[in-house]
Amino acid sequence: MSRVFVFDFATPKFRLTSRTQGIWLNLTWLYGINIHVMYSLRVTNVSKHYSATPLLQNISFQLQTGEALAVAGWNGSGKSTLLRIIAGLVKPSAGKVQIFFDNEPISKERKRKLIGMVAPSLAIYEELTALENLEFFCRVRGIPHNREKCLDLMERVGLCEQANKMCRNYSSGMIQRLKLAQALLHNPPLLLLDEPGCNLDSKGMKVVERIILDQRSFGMTVIASNEEREVEYADRVINLSK
Amino acid sequence: MICKILLITWMAVVIVAAFFYAGPATGFPGETSRIVFFHVPQAWVATFSFLLSMVGSLLYLTKRNPGADYLAQSAAELGFVFCLLATITGSIFARATWGSFWNWDPRETSIVILLMIYGAYFALRSAVPDEERKRVFGAVYSILAFATVPFLVFVVPRITASLHPENTMSPAKPAMDPETLVVFLGSLLAYTGLYLWILQIKIRISKIESFKKPNIGQR
Amino acid sequence: MFALTTLIAVSFSIGSFRIGETEKPFLYAVLLWIILVFSALSGLSRSFVKEREAGTIDVLRLSARPQAVFLGKLFFNLTLLLALESIIVPLFILLMEYKIESFGFFAAMIISGGFGLAAGTTVVAAMIAQASARGALFSALSFPLLLPLMITGIKGCERAAIGVGVTGWPEVKISLAYVIIMITMSLLLFPLVWEE
């Protein structure tokens with residue numbers, strides 16, 4: 001196995017390459033420096049038609065760890081569809097979406113562990129409480145589910161007091177917060193946020209802002225939104241409405 | 001073109017021969033045994049067609065090649081038509097020999113199940129809007145249905161004894177006299193030829209239709 | 001609910017005395033299996049449609065392995081069916097005065113039949129969740145697949161009621177083979193149905 005360590009003493013930053021994630025963690029612990037796992041997302045010439053009407057045409061971009069990208073566009077311009085294609089929920093008519101770890105494409109099976117997604121079309125179980133929802137998804141993903149971690153997440157999205165309330169009785173803003181928590185459950189390197197701020201109050205928007213900032217330290221974010229404020233969190237913007 | 005003319009002539013010859021060349025078999029009332037020249041080849045073609053459809057489905061699931069799905073679908077449709085024909089001719093014969101159109105003998109039972117399976121197959125295909133999903137679902141369903149066939153073979157004959165005349169399905173050990181056998185084999189050939197011809201046309205139609213609607217098949 | 005309604009309708013209109021003693025084992029087996037199969041068809045179609053209507057189907061797609069989803073749904077359907085059977089079958093026996101000679105065989109037949117019903121319908125339920133005209137389509141698609149099982153079940157229950165030739169439980173073996181084949185096929189085919 002080859003491990004290439006590139007120390008660049010001229011600049012304070014250093015980059016290093018390795019095939020196993022374990023090495024990273026050890027080094028992080030040793031040096032006390034936050035080292036990024038180099039995931040990248042590559043979208044090449046993605047097109048999508050429904051019957052004969054084209055929706056997306058030749059979308060290409062690349063995203064590195066630490067970056068955030070915003071996808072803007074009018075209603076019906078295909079923002080959500082693009083995100084769903086990236087997540088693998090919809091098959092593109094042409095082109096491909098790949099996630100790389102150190103320039104090595106990642107298999108479909110492992111992709112599932114890398115993606116967290118929030119979207120209006122993704123619901124949570126209304127007949128469970130918020131905490132039960134999170135624990136259920138932990139179990140489904142095969143993460144050792146401890147209550148502590150789930151409660152931590154609830155704290156992060158500001159739902160701590162209502163953790164044991166049935167989701168049926170939740171307001172739409174609270175449900176949106178829970179969806180955010182659900183997407184963050186497995187610390188995904190690629191976070192897909194479709195209208196993250198929908199139904200949220202100003203406190204909720206702060207939560208979203210915080211999440212995107214935190215995500216920058218170890219992963220990528222793609223935000224689909226028309227809200228000026230949400231687009232501003234990103235480094236780059238793709239505009240789908242032409 | 002020559003092939004087609006040959007085929008048509010061949011069919012005509014077979015039909016004439018079926019009525020005038022071959023004599024009626026013993027053991028059946030009147031002229032009813034002549035049904036063997038039409039009913040059995042229809043049943044054979046239907047079976048063959050469903051088998052082709054299965055092969056198409058399997059190929060589609062492994063290769064994701066639309067051509068395989070055209071084969072699966074066209075073969076299923078034609079198989080269905082021939083199966084219906086065989087059912088109708090069979091039940092006319094049943095009426096003449098056994099006194100009722102339907103007796104639930106094992107072959108009749110299994111043909112009904114086959115018709116049900118493929119009826120469901122077409123219903124499924126027409127109910128899925130997305131072209132690729134439709135193909136995958138069709139293939140999955142036909143394979144799933146095929147997996148139940150061994151059970152039918154196992155289970156159905158226990159219910160009632162078969163009324164079907166033996167040996168008619170196995171020309172290898174014929175109880176037929178030579179003239180009958182010749183006409184029977186000729187008819188088998190004619191039906192297979194006719195079937196392959198129609199199948200080829202159907203596949204071409206499917207291809208042309210997919211060109212007419214661009215991008216379909218990719219959602 | 002459907003099962004109860006049919007059961008009451010059947011037992012009300014037929015009663016236990018209209019059928020001759022010799023035909024009882026066979027006709028009762030048929031009636032019981034008709035009730036079981038059709039209540040399964042009306043109940044099990046919901047398993048994936050529910051996820052779709054609630055909008056949770058895509059979350060599951062994103063987070064769970066397809067085989068895990070399939071097995072989860074299969075076990076849910078199975079518990080549902082066994083619960084249904086545990087209510088319907090005793091009631092049927094009581095209301096119709098169904099005399100059974102070989103009780104162990106009968107119970108094994110009913111339980112393995114329940115496994116078979118669940119195994120045969122789960123993939124179909126996943127398919128119809130993505131189609132239009134769901135309810136009717138589910139029955140149309142499932143029925144041909146369940147028919148061999150149903151015939152086996154009828155035969156088995158009849159045999160159990162008469163109590164002749166029950167050694168080795170032949171029909172139970174057939175239906176277990178059906179269960180195994182259907183589950184294996186489903187595990188192979190389900191990921192294709194599940195993933196876009």
Side-chain angles (χ1 to χ4, degrees), chain B residues 50 54 57-64 69 76 80 83 104 106 109-160 218-219, chain C residues 26 30 116 119-156 158-159 165 170-171 173-196:
Chain B
F50 288 141
M54 265 301 298
S57 300
L58 275 174
L59 266 182
Y60 181 73
L61 283 186
T62 47
K63 297 262 161 63
R64 296 295 167 114
D69 183 65
F80 194 76
C83 200
W104 289 111
T109 315
S110 41
I111 221 167
V112 163
I113 295 170
L114 259 183
L115 288 176
M116 273 169 72
I117 288 174
Y118 280 93
Y121 173 84
F122 300 133
L124 175 65
R125 288 190 71 114
S126 66
V128 182
D130 179 85
E131 201 72 16
E132 196 188 335
R133 300 267 82 198
K134 169 191 295 185
R135 290 171 177 164
V136 172
F137 284 13
V140 166
Y141 184 71
S142 75
I143 292 171
L144 213 54
F146 190 77
T148 66
V149 167
F151 291 96
L152 285 176
V153 175
F154 207 26
V155 165
V156 171
R158 293 177 167 210
I159 305 173
T160 43
Q218 294 155 331
R219 184 163 173 178
Chain C
F26 177 62
V30 172
T121 53
T122 307
V123 169
V124 176
M127 288 202 278
I128 58 131
Q130 298 172 50
S132 49
R134 289 159 186 168
L137 194 60
F138 182 71
S139 308
L141 288 175
S142 305
F143 195 65
L145 299 184
L146 294 179
L147 212 58
L149 180 77
M150 197 174 163
I151 295 172
T152 314
I154 290 172
K155 189 76 194 157
E158 184 194 356
R159 199 192 287 268
E171 272 79 16
K173 279 181 192 154
I174 297 179
S175 91
L176 284 181
Y178 177 89
V179 171
I180 291 166
I181 289 194
M182 283 320 251
I183 290 181
T184 326
M185 294 299 285
S186 303
L187 274 175
L188 287 174
L189 294 173
F190 184 77
L192 300 170
V193 173
W194 180 244
E195 269 163 5
E196 192 79 24

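Since the model is a prediction, treat every value here as computed from it, not as a measurement. When reading the values below, keep in mind they use all heavy atoms of this one structure, side chains included, and skip hydrogens, waters and symmetry mates. Below, chains carry the letters A, B, ... as their sequence lines are ordered, and counting in each starts from 1.
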#### Entry: For Ala131(C), side-chain contact (heavy atoms from CB on, under 4.5 Å) partners two or more places apart
Ala127(B), Val128(B), Leu137(C)

#### Entry: Ala177(C), part contacting chain B, at a heavy-atom distance under 4.5 Å
both

### Query
Which answer fits Leu147(C), side chain, backbone, both or neither, if we ask what part of it has an atom under 4.5 Å from a heavy atom of chain B?
side chain

### Message
So Phe151(B) and Ile174(C), do their side chains get closer than 4.5 Å, heavy atoms only?
### Response
yes

### Query
Using non-hydrogen atoms only, which part of Arg125(B) is less than 4.5 Å away from chain C: side chain, backbone, both, or neither?
neither

### Task
Identify the two heavy atoms, one from Pro144(C) and one from Ala140(C), that lie closest to each other, and give their separation to 0.1 Å.
CD-O, 3.0 Å

Do any side-chain atoms of residues 136-144 of chain B form donor-acceptor pairs under 3.5 angstrom with protein atoms, and if so which ones, sequence neighbours left out?
from, atom 1, to, atom 2, distance (Å)
Tyr141(B), OH, Leu141(C), O, 2.6
Ser142(B), OG, Ser57(B), OG, 3.0
Ser142(B), OG, Ala139(B), O, 3.2

### Query
Side chain, backbone, both or neither: which part of Glu158(C) has a non-hydrogen atom closer than 4.5 Å to chain B?
neither

